[in-house]
Amino acid sequence: NAGVMQNPRHLVRRRGQEARLRCSPMKGHSHVYWYRQLPEEGLKFMVYLQKENIIDESGMPKERFSAEFPKEGPSILRIQQVVRGDSAAYFCASSSSGGYNEQFFGPGTRLTVL
Amino acid sequence: GNSVTQMEGPVTLSEEAFLTINCTYTATGYPSLFWYVQYPGEGLQLLLKATKADDKGSNKGFEATYRKETTSFHLEKGSVQVSDSAVYFCALSRKDNFNKFYFGSGTKLNVKP
């Protein structure tokens with residue numbers, strides 16, 4: 001059973017470009033969480049999605065950031081008009097239900113904004 | 001609100017030394033508590049967890065006890081190995097808050113031969 005997959009693993013963008021990060025949850029998992037890890041810091045919650053629904057986006061910046069988890073395909077975290085402060089590692093985690101269940105983390109996408 | 005505070009690193013130990021990494025939390029309700037480990041360039045791996053007061057989580061020689069009276073979940077290992085070198089994160093989640101994690105800032109552990 002493949003684990004959580006994220007791609008790309010490394011992404012370099014210039015200021016003002018768009019960054020698109022993908023997360024494929026574990027097979028059978030329909031719940032996805034996105035977290036951001038700034039350098040030398042812990043992970044901070046961004047958004048929680050179920051298939052076709054955003055359940056909790058309380059950690060998402062109000063502007064430039066959006067997330068989706070379509071019926072088919074991976075979850076996407078999109079950052080428009082990136083700035084240097086967006087440079088971070090972005091991790092997604094998946095679980096099989098919204099009740100208490102372990103979250104399995106992907107290897108992360110490391111975004112560098114030049 | 002919900003938050004986790006853990007001791008700052010780096011922590012440097014010799015092989016076979018005793019390890020303690022302190023973690024305290026603030027939460028409303030009844031959180032579950034976790035320790036995750038992150039090796040360089042990788043994602044987080046669950047090390048152990050405890051879901052209610054006085055529970056002890058254990059795995060690979062690591063232990064942590066959920067202490068509600070002191071709101072703590074300190075990580076311990078009796079004899080560390082070089083392969084334990086990594087960053088350790090304490091975290092909490094609540095069922096009534098979508099199970100999203102609140103992480104501490106991480107503690108880097110360096111174990112020298």
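Here is the naming used below: chain letters follow the sequence lines, and residue numbers restart at 1 for every chain.
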Original post:
So which bits of residues 71-86 of chain A come within less than 4.5 Å of chain B, counting non-hydrogen atoms only?
Top reply: none
Original post:
Going hydrophobic residue to hydrophobic residue with side-chain gaps under 4.5 angstrom, can you get from Tyr66(B) over to Ile21(B)?
Top reply: yes
Subject >> Within one Ile-Leu-Val-Met-Phe-Trp-Tyr cluster: Leu19(B) and Trp35(B), side-chain cutoff 4.5 Å >> reply: yes
Original post:
Looking at Gln45(B), Arg94(B), Gln38(B), which makes the most heavy-atom pairs under 4.5 Å with chain A?
Top reply: Gln38(B)
Original post:
Between Phe101(B) and Phe105(A), how do the two ring planes meet: parallel, tilted or perpendicular, split at 30° and 60°?
Top reply: tilted
Original post:
Going hydrophobic residue to hydrophobic residue with side-chain gaps under 4.5 angstrom, can you get from Leu48(B) over to Leu44(B)?
Top reply: no
Subject >> Same cluster (ILVMFWY, side-chain, under 4.5 Å), Leu43(A) and Tyr36(B) >> reply: yes
Original post:
Sequence neighbours excluded, which residues qualify as salt bridge (Lys or Arg N to Asp or Glu O under 4.0 Å) partners of Glu15(B)?
Top reply: none
**OP:** Count the heavy atoms belonging to other residues, nucleotides or ligands that lie under 6.0 Å from NZ of Lys60(B), then report whether that count exceeds 12.
**Re:** no
Original post:
Between Tyr35(A) and chain B, which part of the residue has a heavy atom less than 4.5 Å away: side chain, backbone, both or neither?
Top reply: side chain
Subject >> Sorted by number, residues from residues 51-68 of chain A in contact with chain B (heavy atoms, under 4.5 Å) >> reply: Ile55(A), Asp56(A), Ser58(A)
Original post:
Is it the case that more than 12 heavy atoms not belonging to Glu41(A) sit under 6.0 Å from its CD atom?
Top reply: yes
Original post:
What's the verdict on side-chain contact (heavy atoms from CB on, under 4.5 Å) for Asn99(B) and Tyr33(A), showing C-alpha distance, side-chain angles and the deciding distance?
Top reply: CA-CA 10 Å; Asn99(B) 272 329; Tyr33(A) 301 78; 3.6 Å; yes
Original post:
Considering residues, nucleotides and ligands other than Tyr39(B), do more than 12 of their heavy atoms fall under 6.0 Å from its OH?
Top reply: yes
Original post:
Can you list the steps and then say if Lys100(B) with Phe45(A) is a side-chain contact (heavy atoms from CB on, under 4.5 Å)?
Top reply: CA-CA 7 Å; Lys100(B) 59 191 179 189; Phe45(A) 168 79; 3.5 Å; yes
**OP:** Examine whether an atom of Tyr102(B) lies under 4.5 Å from a heavy atom of chain A, and if so say whether it belongs to the side chain, the backbone or both; otherwise answer neither.
**Re:** neither
Original post:
Among the clusters formed by ILVMFWY side chains lying less than 4.5 Å apart, do Met46(A) and Phe91(A) turn up in the same one?
Top reply: no
Please tabulate, for the side chains in residues 105-113 of chain B, all donor-acceptor contacts under 3.5 angstrom to protein atoms that are two or more places apart in sequence or on a different chain.
unit_1: Thr107(B); atom_1: OG1; unit_2: Gln6(B); atom_2: NE2; d: 2.9
unit_1: Thr107(B); atom_1: OG1; unit_2: Met7(B); atom_2: O; d: 2.5

Original post:
Considering only heavy atoms, which portion of Gln6(A) lies under 4.5 Å from any heavy atom of chain B: side chain, backbone, both, or neither?
Top reply: neither
**OP:** Take atom CZ of Arg9(A) as the centre, draw a 6.0 Å sphere, and report whether it contains more than 12 heavy atoms from other residues, nucleotides or ligands.
**Re:** yes
